[in-house]
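First the structure, in the form of structure tokens, and then the observations on it.
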Amino acid sequence: MELLPDILGRWMKDAFVRAFPEEAGRMETVAVVAAANPEFGDYQCNAAMPLAKALRQPPRKVAETVLAGMEMPSFLSKVEVAGPGFINLFLSDAWMVERLVELSRDPRLGAPEPGLGRTVVMDYGSPNITKPLHIGHLRSHNIGSAIDRLHRFLGYRVIADNHLGDWGTQFGVTIMGYRHFGDPEKMRKEPLEELERVYVLSYEKTKTDPEWLARCREELVKLQSGDPENVALWRDFTRYSIEELEHTYGRLGIKYDLVRGESHYRDKLLPTVEFLAGKGLTRISEGATVVDLEEEGLPLCIVRKSDGGFNYATSDIATVRSRIEEFMPDRIVYVTDERQQLHFRQVFAICRRLGIETALDHVWFGLMRLPEGTFSTREGNVIPLERLLDEAVTRAKKVLDETSPEMPDGRKKEVAEAVGIGAVKYADLSQNPQSLVTFTWEKALALDGNSGPYLQYAYARIASVLDKYGERFPGMDLQSFPVSVSEQVERTLVLHLLRFGETVRRAAEAYKPSVLCDYLYELAGVYSSFYQNVPFLKADEGVRESRVRICGITASVLGTGLKLLGIRTPERI
RNA sequence: GCCCCGGUAGCUCAGUUGGACAGAGCAUCGGAUUUCUAAUCCGACGGUCGCAGGUUCGAGCCCUGCCCGGGGCGCCA
């Protein structure tokens with residue numbers, strides 16, 4: 001299905017070109033956007049005003065001239081010029097309803113497939129292992145997996161790779177910590193907590209004890225050069241970490257195609273530096289191998305340390321080359337926090353120098369903070385991610401106990417899990433990714449207002465309506481009844497449903513799941529208003545069926561949208 | 001010192017890339033349930049969009065300067 005703004009934009013462009021062939025021909029597109037206010041119609045076009053300047057004519061006159069030569073197309077009921085020169089477009093009810101039915105028969109609900117034939121590698125989550133996830137890890141996983149699903153929905157072939165930090169300096173520190181402070185008993189029971197504990201102890205010691213620091217580096221070099229004992233430890237640490245990660249990923253509904261980690265590219269580090277050197281991009285500075293990036297206005301980038309070791313930049317360049325070779329992607333997308341902006345600009349610049357043309361995008365998001373400031377292990381104010389999820393589920397369960405006492409216990413547990421985690425995920429996704437996020441329990445666990453549970457509740461109410469309809473009017477063939485709109489709120493709902501495709505496209509293009517959240521919240525709001533103020537099961541036959549069909553389509557759109565966000569949709573709450 | 005973000009209602013945040021009188025949620029206050037799930041709905045209250053200039057038909061959005069907060073800037077990732 002072609003998207004509404006595209007259909008309307010094309011018609012407007014025709015109108016402009018017909019009226020002003022020369023000037024309008026130079027306009028690349030004539031943008032049509034959703035109207036700012038329902039009074040002003042359904043969509044509006046503002047192109048007459050900029051054009052008026054070039055033509056040296058009053059904008060209203062330009063708009064009127066544009067419209068004068070056009071016949072009213074079937075999809076519009078009214079077009080008018082308003083204010084300084086806005087062109088307001090009113091969609092025809094009959095056409096909207098026709099489109100809605102078409103949408104309901106489309107498994108993609110009217111969304112386009114711009115990604116067909118395209119491959120994108122997505123790198124998100126990518127935590128450093130040997131530490132439990134904390135609330136700061138939520139954003140990359142959550143935002144990344146939502147962008148991932150949006151792209152798959154739009155037809156892209158997505159390769160989601162969890163690029164674990166499993167080969168860095170921290171292993172020397174952790175190995176030393178484990179050898180000297182490790183408790184085998186705790187290691188069996190809570191490996192990640194234990195690994196983090198010994199890491200912190202060992203790390204503190206590096207700051208006061210230079211010899212300790214030197215020994216940590218030694219252990220890292222031993223690991224990286226294949227020392228069997230250290231490699232065995234590294235394997236254990238990695239295995240424990242991944243097992244625990246998988247548990248949290250299961251709760252969050254995050255799935256990867258690949259979980260490779262930096263270690264996967266360890267044999268490619270030296271060849272990468274040699275390749276860079278072969279291209280004449282490197283020089284030696286203070287014993288380190290560096291790439292100058294002055295032309296790009298960036299600071300120089302170290303690709304090999306003076307002690308012979310490699311760092312993050314080298315690893316990422318090696319990873320880009322490997323991914324291109326293996327998957328031939330059209331694009332590689334990284335989702336990390338804002339602190340890595342410079343790093344990726346450097347890496348991308350070096351890739352360009354190497355002649356890599358694959359699109360490379362860094363999607364960054366604001367750090368999560370606590371009201372009192374940043375959190376850190378040393379401050380002791382780190383909130384483990386699992387604890388946040390547990391707390392959310394507990395609160396959801398409490399509400400369920402009050403509102404749905406009749407629900408069987410097992411079922412209640414499932415619903416509480418879905419609702420609690422839905423609340424946490426939605427609270428994070430609904431913010432503009434680039435805003436700095438201040439974590440508060442109140443916000444993360446909100447169950448009413450603009451929240452995940454509000455959307456899930458709306459969904460469950462619809463599911464209930466559909467069931468009740470089936471019970472009370474058995475044997476009716478819903479699809480054989482026509483859809484029509486009579487109430488204002490009903491029309492608003494239909495219009496909103498028709499905008500699903502354009503919203504999904506915009507959310508994916510902008511890498512902003514929050515765009516979809518806004519849309520779904522508004523959809524649920526319009527539906528709730530409809531539900532509360534317009535009878536359907538009690539309406540006359542015909543009107544009843546039309547409204548129940550609209551309910552069904554709303555359920556599809558809301559359900560699909562929530563699934564794209566990774567939020568589950570219980571049929572009963 | 002240089003670079004990147006942010007500053008919008010008491011609080012937490014939107015604002016479709018320059019359009020119509022700046023919008024939600026929370027909080028506060030008032031109303032709605034013999035009815036399709038009240039985790040809901042309807043309404044009220046609430047703003048110098050950090051400050052000062054500038055660009056133009058039009059600025060929360062673009063430009064310049066300043067103030068406040070966060071982050072980054074050669075061997076961590």
Side-chain angles (χ1 to χ4, degrees), chain A residues 5 31 33-37 39-40 44 46 49-50 52-53 58-59 82-86 88 126 128 165 167-170 262 285-290 297-307 309-313 315-316 336-343 345 364 366-367 369 373-374 396 399-400 402-404 419 427 430-432 434-438 440 442-443 446-451 453-454 456-458 460-469 472 502-503 506 510 512 514-515 517-519 521-522 525 528-529 531-539 547-548 551 572-573:
Chain A
V33 297
N37 183 321
E39 283 171 44
F40 303 141
Q44 65 182 52
N46 306 329
M49 290 176 283
K53 196 177 168 186
F86 298 102
N88 291 336
S126 308
N128 284 333
W167 201 241
T169 314
Q170 88 259 31
E262 296 177 289
S285 166
E286 298 172 29
T289 308
V290 303
L298 296 170
L300 61 74
C301 181
I302 293 174
V303 293
R304 189 171 195 185
K305 299 188 275 187
S306 52
D307 68 2
F310 303 96
N311 54 19
Y312 191 30
S315 173
D316 268 348
T336 81
D337 72 58
E338 60 186 325
R339 290 175 301 186
Q340 302 195 27
Q341 287 179 84
L342 177 58
H343 163 72
R345 284 172 66 194
W364 58 265
L367 272 182
R369 309 158 40 79
T374 43
V399 177
L400 269 175
E402 287 166 23
T403 58
S404 306
V419 170
S430 60
Q431 293 202 39
N432 180 342
Q434 297 184 348
S435 315
L436 181 145
V437 170
T438 303
T440 61
E442 186 198 3
K443 187 168 49 168
L447 301 176
D448 55 6
N450 187 357
S451 71
Y454 175 83
Q456 291 171 313
Y457 180 69
R461 292 215 287 194
I462 306 174
S464 175
V465 166
L466 298 177
D467 284 357
K468 289 250 160 59
Y469 178 82
R472 293 185 197 178
E502 66 194 69
T503 306
R506 195 153 52 84
K512 281 184 178 176
S514 60
V515 167
C517 290
D518 277 355
Y519 168 85
Y521 174 61
E522 218 176 298
S528 296
S529 181
Y531 177 91
Q532 203 84 20
N533 299 307
V534 178
F536 16 100
L537 291 187
K538 290 182 171 49
R547 288 179 181 160
V548 172
C551 284
R572 289 289 179 280
I573 286 187

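Everything quoted here is computed from the prediction, not taken from an experiment. Letters A, B, ... mirror the listed sequences (proteins, then strands); counts begin at 1. All values below come from the heavy atoms of this structure, side chains included, with hydrogens, waters and symmetry mates left out.
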Check whether any side-chain heavy atom of [X] lies under 4.5 Å from a side-chain heavy atom of [Y], and answer yes or no.
X: A:L342; Y: A:P299; value: yes
X: A:V548; Y: A:L466; value: yes
X: A:H343; Y: A:D316; value: yes
X: A:F536; Y: A:C551; value: yes

Supply the atom-to-atom distance [X] [atom1] to [Y] [atom2], rounded to the nearest 0.5 angstrom.
X: A:D467; Y: A:I462; atom1: CG; atom2: CD1; result: 12.0 Å
X: A:C517; Y: A:Q431; atom1: SG; atom2: CD; result: 10.0 Å
X: A:N450; Y: A:E522; atom1: CG; atom2: CD; result: 10.5 Å
X: A:T169; Y: A:Y312; atom1: OG1; atom2: OH; result: 13.0 Å

I need the minimum non-hydrogen distance between A:N46 and A:P50, along with the two atoms involved.
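Minimum heavy-atom separation between A:N46 and A:P50: O-CD, 3.1 Å.
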Pick base, sugar-phosphate or nothing for [X], based on heavy-atom distances below 4.0 Å to the nucleic acid.
X: A:P535; result: base
X: A:L342; result: sugar-phosphate
X: A:Y521; result: sugar-phosphate
X: A:V534; result: base

Once salt bridge (charged side-chain N to carboxylate O under 4.0 Å, His left out) is applied, do any residues pair with A:D518, and if so which ones, sequence neighbours excluded?
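Here no residue qualifies.
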Partner residues of A:R304 under the salt bridge (charged side-chain N to carboxylate O under 4.0 Å, His left out) criterion, sequence neighbours left out:
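Once residues adjacent in sequence are excluded, A:R304 has no partner under the salt bridge (charged side-chain N to carboxylate O under 4.0 Å, His left out) criterion.
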With rounding to whole Å, what would you report as the distance between [N] and [M] at their [atom1] atoms?
N: B:U48; M: B:A44; atom1: C1'; result: 24 Å
N: B:G6; M: B:C61; atom1: P; result: 12 Å
N: B:U35; M: B:U8; atom1: P; result: 44 Å

Please produce a list of atom pairs where a protein N or O lies less than 3.5 Å from an N or O of nucleotides 19-22 of chain B.
from: B:A20; atom 1: N7; to: A:Q44; atom 2: OE1; distance (Å): 3.3
from: B:A20; atom 1: N6; to: A:Q44; atom 2: OE1; distance (Å): 3.1
from: B:A20; atom 1: N6; to: A:N88; atom 2: OD1; distance (Å): 2.3
from: B:A20; atom 1: N6; to: A:N88; atom 2: ND2; distance (Å): 3.4
from: B:A20; atom 1: N1; to: A:N88; atom 2: ND2; distance (Å): 3.2
from: B:C21; atom 1: N4; to: A:N37; atom 2: ND2; distance (Å): 2.2

Output the rounded distance in Å from CD (A:Q431) to C1' (B:G25).
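In whole Å, B:G25 C1' and A:Q431 CD are 12 Å from each other.
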Rounding to an integer number of Å, can you tell me how far A:E338 CD sits from B:G69 P?
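Computing the A:E338:CD to B:G69:P distance gives 16 Å.
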Nearest heavy atom decides the nucleotide; on that basis, is A:V437 or A:D337 closer to the 5' end of RNA chain B?
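Comparing both residues, the 5'-ward one is A:V437.
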Could you pull out the protein-nucleic contacts involving nucleotides 75-77 of chain B (nitrogen or oxygen on both sides, under 3.5 Å)?
from: B:C75; atom 1: O2; to: A:S306; atom 2: N; distance (Å): 2.7
from: B:C75; atom 1: O2; to: A:S306; atom 2: OG; distance (Å): 3.3
from: B:C75; atom 1: N3; to: A:S306; atom 2: OG; distance (Å): 3.2
from: B:C75; atom 1: N4; to: A:E286; atom 2: O; distance (Å): 2.9
from: B:C75; atom 1: N4; to: A:E286; atom 2: OE1; distance (Å): 3.4
from: B:C76; atom 1: OP2; to: A:K305; atom 2: NZ; distance (Å): 3.4
from: B:C76; atom 1: O3'; to: A:T169; atom 2: OG1; distance (Å): 3.1
from: B:A77; atom 1: OP2; to: A:Y312; atom 2: N; distance (Å): 3.4
from: B:A77; atom 1: O3'; to: A:E262; atom 2: OE1; distance (Å): 2.9
from: B:A77; atom 1: O3'; to: A:E262; atom 2: OE2; distance (Å): 3.0
from: B:A77; atom 1: O2'; to: A:N128; atom 2: OD1; distance (Å): 3.4

Of the nucleotides B:C36, B:A14, B:U16, which one has an atom closest to the side chain of A:F536?
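Given the options B:C36, B:A14, B:U16, the side chain of A:F536 is closest to B:C36.
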When you measure from the side chain of A:K443, which nucleotide among B:C73, B:C13, B:G70 comes out closest?
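Minimum distance to the A:K443 side chain belongs to B:C13.
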Starting from the C-alpha separation in whole Å, work towards a yes-or-no answer on side chain to side chain contact (heavy atoms under 4.5 Å, CB included) for A:F86 and A:M49.
CA-CA 8 Å; A:F86 298 102; A:M49 290 176 283; 3.6 Å; yes
B:C13, OP1 or OP2 - any side-chain N/O from A:N450 closer than 4.0 Å?
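The answer is no; no side-chain N or O of A:N450 sits under 4.0 Å from OP1 or OP2.
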Secondary structure of RNA chain B in dot-bracket form (Watson-Crick or G-U wobble, distances below 3.5 Å, | marking inter-strand pairs):
(((((((..((((.....[...)))).(((((.......))))).....(((((..]....))))))))))))....
If a protein heavy atom is under 4.0 Å from the base, mark B; if only from the sugar-phosphate, S; if neither, -; do that for nucleotides 37-47 of chain B going 5' to 3'.
BSBBSS-----
